[in-house]
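So that the names make sense, note that chain A is the first sequence line, chain B the second, and so on, each numbered from 1.
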Number of protein chains: 2
Amino acid sequence: MPTDDNSVNIETQGNRYHHGDLQAALIEEGLAQISQRPAEKLSLREISRKVGVSATAVYRHFPNKAALLGALCQVGSEKLSDTFARATEETGGGMDAFEAMGRAYVRFALANPSLFKLMMSKAPKPNALDSDQNGQTNGFAMLSDTLQDVLPADAPPELQMVKRLQAWSIVHGLAMLMLDGQVPAEEKIIASVISRSFL
Amino acid sequence: MPTDDNSVNIETQGNRYHHGDLQAALIEEGLAQISQRPAEKLSLREISRKVGVSATAVYRHFPNKAALLGALCQVGSEKLSDTFARATEETGGGMDAFEAMGRAYVRFALANPSLFKLMMSKAPKPNALDSDQNGQTNGFAMLSDTLQDVLPADAPPELQMVKRLQAWSIVHGLAMLMLDGQVPAEEKIIASVISRSFL
DNA sequence: TCGGCATGTTATCAATGTAAACATTGTGGT
DNA sequence: ACCACAATGTTTACATTGATAACATGCCGA
């Protein structure tokens, strides 16, 4: 039997017509879902079901699925920024800070696999709601800026850029390879791969 | 109107009941589709439609969608191997060969975005048909072996492994970042990031 | 030759994203 | 205080998709 369509299976008893803050609830549930499955197979209908609202209610808050995903990305960005901040503040700055951030980057990815992939995946997000300034994921910016403190200031800017890209690449690559099960996700490996030796 | 269900819209006139080599045709069409859209939104039905066969015919050759994708991966692996082979044979071996492979890796990713991502994405593939020996993508193996020639042979194996992982990470990371539009996909950048300086 | 097996086909499901039309609120202007 | 209106939810409905089951066809070997 059709276990349920949309319609009258709103199982909440509180059952007010207006949810109160659906927008937030949807995002929260979205985050919950994405922490358990790949981002693509996150289902709007399932989210609304769990939140206790009709399937199409979502569309009052997000023009489409992509927009909801975009919102999740934003939350993810903030989480990542926090992670970075926390990772660096315990270090003495300079190279230590840089390596700490690198490790934090990979750990974040491992801790939030689908969200991380979603965040990094293609394109300037449609960016639901408030359009966050530049559009670029600022993960790079933070990593990059920290690195700048370490590089000889008189180095040609082009070389600096290369170093930054190398740093980002190695960290991002390791994260991806571990996420995709190509490299075992072990702390020991993270530490050894992300080491000053590659600069 | 329902533009078409499955059923009688087999538009080929040849219209033999038996296709001849559906398996191959499906894979080919699959490759065609994946070269134009992300792997997840590749549709079995569309493939069968294009091939001129009923929607469910696919299931005579692949137990499910994942299996078809697995088959595509295999083809991709072969293409990648070829690319590597071609990339190295024009070099004098050693570090040159290694860098050439690195560039080839990234270029392959850029040339076959969805296929590349599919190949690299999670898990020992269900691996339809003949199960390819080890299961691991041998992209790493090739890259890795080439690198080994360059490293001092007396280095501790652990260090060698770290170097290899660093190499794979940087190359893979750059590829991914470019694929996802986080870094402009320019040949100049590829060349400068993949340079011996990081070893 | 003819019976079985491989390969295709039609019908049918359940799930999903999304649009259209309708219902119910809360709110701001008079 | 009232009441239209905008915001937010709800039902219906539809096309698309992956998948299963039952039926059809045709090739190949005993």
**Student:** With sugar-phosphate meaning primed atoms plus P, OP1 and OP2, does A:Ile47 contact a base, only sugar-phosphate, or nothing at under 4.0 Å between heavy atoms?
**Tutor:** nothing

**Student:** For the residue pair A:Tyr105 and A:Phe84, categorise the inter-ring angle as parallel (less than 30°), tilted (30 to 60°) or perpendicular (more than 60°).
**Tutor:** parallel

**Student:** Counting side-chain heavy atoms from C-beta on, which of C:dT18, D:dG9, D:dA19 comes nearest to A:Leu44?
**Tutor:** C:dT18

**Student:** So, is A:His61 close to the D:dG9 phosphate, meaning a side-chain N or O under 4.0 Å from OP1 or OP2?
**Tutor:** yes

**Student:** Can you tell me which nucleotide in C:dT12, C:dG17, D:dG9 comes closest to the side chain of A:Arg45?
**Tutor:** C:dG17

**Student:** Of all the heavy-atom pairs spanning A:Leu174 and A:Ile190, show the shortest one and how long it is.
**Tutor:** CD2-CA, 4.0 Å

**Student:** If you look only at pairs with a residue in residues 83-93 of chain A, which of them pass as a salt bridge (charged side-chain N to carboxylate O under 4.0 Å, His left out), with sequence neighbours excluded?
**Tutor:** none

**Student:** I'd like to know if the side chain of A:Asn64 and the backbone of A:Ala67 have a donor-acceptor N/O pair within less than 3.5 Å.
**Tutor:** yes

**Student:** Rounded to whole angstroms, how far apart are CD on A:Gln33 and P on C:dA15?
**Tutor:** 15 Å

**Student:** Whole angstroms only, please: what is the CG-C1' distance between B:Asp21 and D:dC27?
**Tutor:** 15 Å

**Student:** If I take atom CZ in residue B:Phe62 and atom P in nucleotide C:dA6, what distance separates them, rounded to the nearest angstrom?
**Tutor:** 17 Å

**Student:** Quickly work out the A:Leu22 CG to D:dT8 C1' distance and round it to whole Å.
**Tutor:** 8 Å

**Student:** At less than 4.0 Å, is any side-chain N or O atom of A:Ser43 found next to OP1 or OP2 of C:dT16? Yes or no.
**Tutor:** yes

**Student:** Using whole Å, what does the distance between atom P of nucleotide C:dA14 and atom CD of A:Glu46 come to?
**Tutor:** 18 Å

**Student:** Could you check how far CD of A:Glu40 sits from C1' of D:dT17, rounded to whole Å?
**Tutor:** 15 Å

**Student:** For DNA chain C, whose closest nucleotide is more 5', that of A:Arg60 or that of A:Leu42?
**Tutor:** A:Leu42

**Student:** Does the side chain of B:Arg49 get closer than 4.0 angstrom to OP1 or OP2 of D:dT17 through an N or O atom?
**Tutor:** yes

**Student:** Do A:Thr56 and D:dT11 have a side chain to base donor-acceptor pair shorter than 3.5 Å?
**Tutor:** yes

**Student:** A:Asp96: what forms a side chain to side chain contact (heavy atoms under 4.5 Å, CB included) with it, not counting sequence neighbours?
**Tutor:** A:Thr91, A:Arg196

**Student:** Looking at the side chain of B:Ala57, which of C:dT18, D:dT11, C:dT9 is the nearest nucleotide?
**Tutor:** C:dT9

**Student:** How long is the line joining NZ of A:Lys65 and P of C:dA19, in whole Å?
**Tutor:** 14 Å

**Student:** Expressed as a whole number of angstroms, how long is the span from A:Tyr59:OH to C:dG17:P?
**Tutor:** 6 Å

